[in-house]
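Because the structure is predicted, anything quoted here is derived from the model rather than measured.
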Amino acid sequence: SDEFQGQLVLIQSGTINHTGALSQNENYDFTDATGTTEMRIDNTTNLVGAQAPEGPVNLVGVAGKFGGIVQILPRFVEDLGVEEVTFPGDYVSLDQTLDIVTWNIEWFGDTGNGPADVDIQLSNVKTVVETMDADIYALQEIASVSKFNELLDSLAGYGGFIANYSQSQKTAFLFKRASIDSVDGVTLSSSDGFVSSNWANGRFPLQFRFSANINGEQQEVYAYNIHAKAFGDQSSYNQRVAASIEFKSYLDRYRSADNVLFLGDYNDEILSSTYNQQESPYKNFDDDQEYTIVTKNLE
């Protein structure tokens with residue numbers, strides 16, 4: 001009620017109607033024996049990313065009201081009895097790391113399907129690339145080759161190339177010339193053992209071979225950028241499974257002794273598939289100890 005606004009309060013033995021990580025600037029129902037209130041996770045707290053407790057928990061927070069709704073705002077992880085999420089390497093400077101981004105820029109450069117103003121879209125993409133300051137960007141859904149070339153020309157110190165298959169949604173790589181020594185880039189095809197119908201009718205992997213200084217040692221790396229078949233139906237799922245089998249067979253056969261990065265838009269998940277809770281199409285990679293899925297724990 002209003003009489004508690006601005007005060008630090010304690011609610012005992014309540015439950016949160018949420019499982020998994022807590023998101024910034026989100027509201028969650030918090031219920032105890034007397035009723036339900038909103039718990040607000042502010043983006044300035046170290047609660048962002050922490051795992052919501054599954055059982056009864058004591059909640060400490062500042063009582064407030066927004067839009068006529070009473071809220072409790074915990075201040076930090078101790079107010080909820082959870083652990084802060086930390087990421088190893090957060091404080092390592094960029095010049096000591098190899099930083100790679102994969103990004104589906106929805107219908108980049110296509111006014112009919114993507115944003116109506118492609119010039120604003122290009123400007124925003126340029127801002128993101130320069131702000132993140134990564135070494136490599138694996139891009140998907142590049143719908144305009146001319147807009148991609150315009151983006152490349154606008155980025156000082158960057159190189160790049162785009163897939164040469166016929167589909168309108170293409171994959172591409174951007175890379176920082178100061179840290180990445182490009183060796184070659186090639187679009188794989190049916191001659192490499194891939195069946196077109198398994199790859200959204202020809203959206204084959206894009207290979208980027210480069211050399212980079214990693215931990216003081218120059219290493220050669222093969223990066224692959226894919227845009228797997230979309231949609232949550234049986235046929236699309238089957239295509240992703242078949243494509244994953246083909247791709248792993250290719251890597252195991254030709255790249256078993258190499259450093260490999262498998263990037264892109266998988267259009268599915270790792271713990272289980274987005275289709276009918278089936279096995280992930282990429283379970284074959286997950287089961288092989290030669291491969292490490294670095295984004296798996298984000299699910």
Check: Does Thr127 offer a backbone N or O that forms a donor-acceptor pair with the side chain of Thr131 under 3.5 Å?
Finding: yes
Rounding to 0.5 Å, atoms CG (Asn198) and CG (Asn238) come to a distance of 9.5 Å
- Carefully, step by step, assess Ile226 and Asp265 under the rule side-chain contact (heavy atoms from CB on, under 4.5 Å). CA-CA 6 Å; Ile226 77 160; Asp265 183 353; over 6 Å; no
Of Leu59, Leu8, Leu10, the one forming a side-chain contact (heavy atoms from CB on, under 4.5 Å) with Ile72 is Leu59
Distance col, row Leu152:CG vs Phe161:CZ, nearest 0.5 angstrom, shows 11.0 Å
One should read off an interatomic distance between Gln121 CD and Glu106 CD, to the nearest 0.5 angstrom, of 9.0 Å
Establish, from distance only, whether the side-chain atoms of Ser249 and Glu246 form a donor-acceptor pair under 3.5 Å.
no
task = Decide, yes or no, whether a salt bridge links Asp110 with Lys147 under the criterion of side-chain N to carboxylate O below 4.0 Å.
result = no
Of all heavy-atom pairs linking Ala138 and Phe173, the shortest is CB-CE2, 3.8 Å
Smallest heavy-atom separation, Thr187 atom then Ala163 atom, equals OG1-CA, 3.5 Å
Nearest heavy-atom approach of Ile41 to Pro74 is CD1-CG, 4.1 Å
Next on the checklist: Walk me through whether Val82 and Leu47 qualify under side-chain contact (heavy atoms from CB on, under 4.5 Å).
Outcome noted: CA-CA 8 Å; Val82 295; Leu47 282 156; 3.7 Å; yes
Answer yes if the side chains of Tyr224 and Arg255 hold a donor-acceptor pair under 3.5 Å, and no otherwise. yes
Checking side-chain contact (heavy atoms from CB on, under 4.5 Å) for the pair Asp268/Tyr237: CA distance, chi angles, key distance, verdict?
CA-CA 9 Å; Asp268 216 309; Tyr237 171 76; 4.3 Å; yes
- Does the Gln278 side chain pair with the main chain of Thr274, one donor and one acceptor, at a distance under 3.5 Å? no
Looking only at heavy atoms, the pair that brings Ser211 and Val183 closest together is N-CG2, 4.3 Å
Q. Does the ring center of Tyr222 lie less than 6.0 Å from the ring center of Phe208?
A. no
Quick check: Phe108 with Phe148 (ring centres under 6.0 Å apart)?
no
*asked:* Just by distance, no angles: are the side chains of Asn284 and Tyr291 close enough, under 3.5 Å, to form a donor-acceptor pair?
replied: no
For Phe231 and Ser236, the nearest pair of non-hydrogen atoms, with its separation, is O-CB, 3.4 Å
- Task: Answer yes or no: are there more than 12 heavy-atom neighbours, outside Phe76 itself, under 6.0 Å from its atom CZ?
- Result: yes
Main chain of Glu290, side chain of Asp288: is a donor-acceptor contact present, judged purely on distance under 3.5 Å?
yes
For Leu188, does its backbone N or O pair with a side-chain atom of Asp192 as donor and acceptor, under 3.5 Å? no
Strictly distance-based, threshold 3.5 Å: is any side-chain N or O of Gln239 a donor or acceptor partner for the main-chain N or O of Lys229? no
So side-chain hydrogen bond (donor to acceptor under 3.5 Å, both in side chains) across residues 132-142, not counting sequence neighbours, yields Thr102-Gln140, Asn104-Glu141, Asp133-Lys176, Asp135-Ser179, Gln140-Asn225, Glu141-Gln169
Just by distance, do the side chain of Tyr165 and the backbone of Thr171 share a donor-acceptor pair under 3.5 Å? yes
Heavy-atom closest pair (Ala52 atom, His18 atom, distance to 0.1 Å) is CB-O, 3.7 Å
